[in-house]
Amino acid sequence: MENIIQVSYGQTGHSTISNTMGMREMQQKAYQARLSQLLLIKAPPASGKSRALMFIALDKLINQGIEKVIVAVPERSIGSSFAHTDLVSHGFFANWEPNDQYNLCTPGGDNSKSKVDAFVNFMHSDEKILICTHATLRFAYEQLHDDDFNNCLLAIDEFHHVSASEENILGSLLRSLIRNSTAHIVAMTGSYFRGDSLPVLMPEDEEKFTKVTYNYYQQLNGYKHLKSLGIGYHFYQGRYYTAIDEVLDTDKKTILHIPNVNANESTKEKYEEVDRIIDLIGSVVSIDEVTAVMTVKRHTDGKLIKVADLVNDDSKHREKIVAYLRSIKQKEDMDLIIALGMAKEGFDWPYCEHALTVGYRGSLTEIIQIIGRTTRDSEDKSHAQFTNLLAKPDAQDDNVVVAVNNMLKAITASLLMEQVLAPNFDFKPKRDERDLAEPGTIKIKGFKGITTPKVKSIVEEDINDLKAAILQDKDISKAITGSIDPEIINKVLIPKVIKTRYPELDVEELEAVRQYVVSDSVVKSGELQEVGDKKFIVLSNQFINIDEISIDLIDSINPFQRAYEILSKSVTAPVLKAIQDVLLASKIKISEEEALLTWSKIVAFVDENKREPSVDAINPLEVRLAEVLVYIRDKKRKAMQNG
């Protein structure tokens with residue numbers, strides 16, 4: 001099927017060019033904030049966060065009086081990103097030279113006594129740099145005091161593993177260090193939002209951080225080779241491996257993620273699933289004893305391809321193949337990687353062209369991390385592709401609710417990626433008809449604009465995180481299907497999420513943020529076209545002169561409509577009916593705000609159709625009008641009884 005998202009990039013080369021100190025664009029931006037005690041770096045995969053940390057950490061050690069640097073990563077394999085690195089020959093004033101004795105990302109339990117003891121010994125030694133996992137940091141912290149971290153820099157990679165929840169030990173540790181020590185903290189992540197809708201930091205803690213934001217479009221548009229990125233979905237019935245050959249092209253460098261054994265898509269026999277996939281491709285010729293690389297002869301043409309099996313969790317096999325994958329230098333060294341829980345965050349295979357994922361993954365964060373495996377810039381790679389192979393909802397299937405919910409989650413993920421991967425616009429109020437917009441700016445009638453420093457901070461630094469929170473809201477995910485009036489989505493449901501995330505906003509600030517988020521979402525879901533000397537934007541099948549766009553018009557458009565329309569083309573009428581039935585069983589609760597906004601629409605419906613809206617209608621919007629009418633009458637009846 002066609003891609004839900006297809007984004008083209010300008011190949012400017014800006015994000016890959018280094019300055020005289022050896023820093024790329026994102027790293028320069030981060031280094032400018034190096035004097036901050038608390039620093040939050042939000043930048044996509046392959047933007048160079050690891051090296052950015054090296055630059056900042058060395059400056060703090062040499063020029064700022066910091067005595068120690070602790071780098072914590074979520075899993076051992078990511079620790080290799082912080083190995084010895086020559087920076088001097090590229091223009092920097094020092095090299096990154098950690099002592100191998102204090103690289104604790106080595107095989108063995110991360111909570112082992114030897115690793116925890118080594119961490120504690122490091123804190124009381126003259127050594128400068130330690131690299132460990134999040135787990136080792138947590139266990140070592142139990143044997144230390146907050147003031148042991150005074151004059152230390154703690155760098156936390158993949159910071160989205162932190163949560164404001166009291167049960168999140170890493171989050172509690174961080175909050176305690178912020179409040180009870182002089183520690184410097186650098187937090188780094190490519191996907192600041194978590195998959196469970198919990199905030200990473202409480203607002204009062206987050207406000208203490210200096211934020212460096214480098215967005216996905218800046219990164220990908222600044223590549224030399226990558227021209228486009230596509231995100232699409234393919235549906236199957238029965239067992240997923242029977243449909244693999246419809247979407248797996250072994251001429252493309254591919255990472256194939258099979259489902260977790262606890263997922264509905266899994267057969268619960270992960271090794272057998274790998275065998276079936278291999279059998280569909282060809283026959284195994286050999287398995288290298290040293291590297292564990294599998295050579296497979298393709299059925300179609302006899303071509304030999306190299307396959308890595310990361311599903312096999314035998315420790316000896318795993319160590320061999322992981323070591324090989326880390327040492328890949330050429331495109332020909334690998335063709336297909338089959339994985340389950342590995343090859344996600346921190347995994348680097350620049351030649352990867354296609355991420356093929358079976359089933360909905362556990363979170364938006366996980367999907368973004370998987371897509372990030374394809375978005376490295378590499379010669380001979382002009383297009384990157386993410387394909388999600390999903391079970392098609394079946395009206396006769398007992399698991400139809402699960403399948404529908406997974407499909408809606410997949411749509412949600414694609415909508416978020418559409419927002420973060422598309423070019424950004426600068427939105428400003430349009431004062432009068434002569435107030436024309438400069439390039440890159442869209443002027444909107446009735447638009448409030450950036451009214452306060454707080455609004456400015458949210459718009460410039462948190463817009464994608466806020467959109468993630470909006471798209472993960474349960475009511476929004478139900479509204480995506482078109483069963484709720486766009487005005488209710490934009491004026492009731494979206495501001496509810498904003499208010500929850502930023503309770504300190506006053507009424508004017510809330511409305512300013514709401515208008516910006518809705519405008520940005522609607523415009524990015526549209527298509528810009530030029531006709532003669534005029535620019536038009538296609539929104540909800542309407543051609544709109546960009547100079548005539550207004551906030552009232554934007555509020556009348558469902559910002560999430562297009563992706564669902566494209567996706568629904570691939571399912572049959574019975575499946576669409578099954579989806580509607582599932583959603584009808586979990587209605588969005590009607591609020592007074594919705595009732596007030598909907599009353600005029602009910603009146604207009606009655607005037608036009610000479611009847612009241614029906615709860616039995618086929619059109620989901622008419623059904624909602626009817627439900628709101630029942631709600632209003634019930635409210636009126638109760639008021640009269642109490643009056």
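It should be emphasised that the depicted structure is a prediction, and the values quoted were computed from it without experimental measurement.
Rounded to the nearest 0.5 angstrom, T250 OG1 and I281 CD1 are separated by 6.0 Å. Between I258 atom CD1 and T357 atom OG1 the span is 11.5 Å, to the nearest 0.5 Å. In this structure, Q101 CD and L130 CG are separated by 10.0 Å, a value rounded to the nearest 0.5 Å. A distance of 11.5 Å separates CD1 of I338 from CD1 of I255, quoted to the nearest 0.5 Å. The CD1 atom of I370 sits 6.0 Å away from the CZ atom of F386 when rounded to the nearest 0.5 Å. In this structure, CD in Q385 is found 11.0 Å from CG in D249, a value given to the nearest 0.5 Å.
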side-chain contact (heavy atoms from CB on, under 4.5 Å) for F82 and L53? Distances and angles first, verdict last. CA-CA 9 Å; F82 298 94; L53 182 275; 4.1 Å; yes

Candidate pair Y241 and D275, rule side chain to side chain donor-acceptor pair (under 3.5 Å), full reasoning:
CA-CA 10 Å; Y241 44 71; D275 289 342; over 6 Å; no

Margin query: Could you go through Q27 and M21, starting from their C-alpha distance and side-chain angles, then the distance that decides it, and tell me whether this counts as side-chain contact (heavy atoms from CB on, under 4.5 Å)?
Written below: CA-CA 10 Å; Q27 295 157 353; M21 296 182 77; over 6 Å; no

| query | Does the side-chain contact (heavy atoms from CB on, under 4.5 Å) test come out yes or no for T242 and R276, once each step is laid out? | reply | CA-CA 9 Å; T242 62; R276 286 182 175 273; over 6 Å; no

Report task. Assess whether side-chain contact (heavy atoms from CB on, under 4.5 Å) is satisfied between V88 and D86, documenting all intermediate values. Result -> CA-CA 6 Å; V88 171; D86 174 15; 4.2 Å; yes

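At distances below 3.5 Å, not a single donor-acceptor pair connects side-chain atoms of T254 with backbone N or O atoms of L256. No side-chain donor-acceptor contact under 3.5 Å links N95 to the backbone of E97. Using modelled atom types, no side-chain atom of S266 and backbone atom of A263 make a donor-acceptor pair closer than 3.5 Å. In this structure, the side chain of H299 engages the main chain of D279 through a donor-acceptor pair within 3.5 Å. Counting only distance, with no hydrogens or angles, the side chain of R373 and the backbone of F347 share a donor-acceptor pair below 3.5 Å. Between the side chain of K524 and the backbone N or O of Q419 there is at least one donor-acceptor pair closer than 3.5 Å. Looking at Q28, its side chain does come within 3.5 Å of a backbone N or O of M23 through a donor-acceptor pair. Of the possible polar contacts, one joining the D333 side chain to the K329 backbone as a donor-acceptor pair under 3.5 Å is found. When atom types are taken as modelled, the side chain of T12 and the backbone of N221 share a donor-acceptor pair closer than 3.5 angstrom. Checking side-chain atoms of D157 against main-chain N and O of A72 turns up no donor-acceptor pair under 3.5 Å.
The closest side-chain heavy-atom distance from D251 to K303 is below 4.5 Å. Side-chain atoms of M342 and R318, non-hydrogen and from C-beta on, do get closer than 4.5 Å to each other. Considering only heavy atoms from C-beta on, C105 comes within 4.5 Å of I131 through its side chain. Within the 4.5 Å cutoff, no side-chain heavy atoms of K115 are placed close to those of F139. Residues E273 and Y240 meet the side-chain proximity criterion, which asks for heavy atoms closer than 4.5 Å. Contact check for L229 versus T374: side-chain heavy atoms found under the 4.5 Å cut-off. Looking at heavy atoms from C-beta onward, K297 lies in side-chain contact with L304 at the 4.5 angstrom threshold. The shortest side-chain heavy-atom distance between L325 and W349 does not fall under the 4.5 Å cut-off.
Between V358 and N388, the closest heavy-atom pair is C-ND2, 4.4 Å. The shortest heavy-atom contact between K253 and Y351 is CB-O, 3.2 Å. Residues Q219 and S15 approach most closely at O-OG, 2.9 Å, considering heavy atoms. Of all non-hydrogen atoms in F119 and L104, the two that sit nearest each other are N-CD1, 4.1 Å. Residue D309 comes nearest to I321 through the heavy atom pair O-CG2, 4.2 Å, listed as atom of the first residue, atom of the second, then distance. Heavy-atom minimum distance, D110 versus A135: CB-CB, 3.7 Å.
N215 and K42 share no side-chain donor-acceptor pair at under 3.5 Å. No donor-acceptor contact under 3.5 angstrom links the side chains of R51 and T85, judged on distance only.
Heavy atoms of other residues, nucleotides or ligands lying less than 6.0 angstrom from NZ of K252 number 12 at most. Within 6.0 Å of NZ on K29 lie more than 12 heavy atoms contributed by other residues, nucleotides or ligands. Around the NZ atom of K270, the shell of radius 6.0 Å holds more than 12 heavy atoms that belong to other residues, nucleotides or ligands. Counted within 6.0 Å of NE2 on H225, heavy atoms from surrounding residues, nucleotides or ligands total more than 12; the atom is thus considered enclosed. Within 6.0 Å of atom NZ in K268, more than 12 heavy atoms from other residues, nucleotides or ligands are found, so the atom counts as buried in its surroundings.
A side-chain hydrogen bond (donor to acceptor under 3.5 Å, both in side chains) with E158 is found for one member of Q369, K49, H134 and no other, namely Q369.
Relative orientation of the F55 and F92 rings is perpendicular, given thresholds of 30° and 60° on the angle between their planes.
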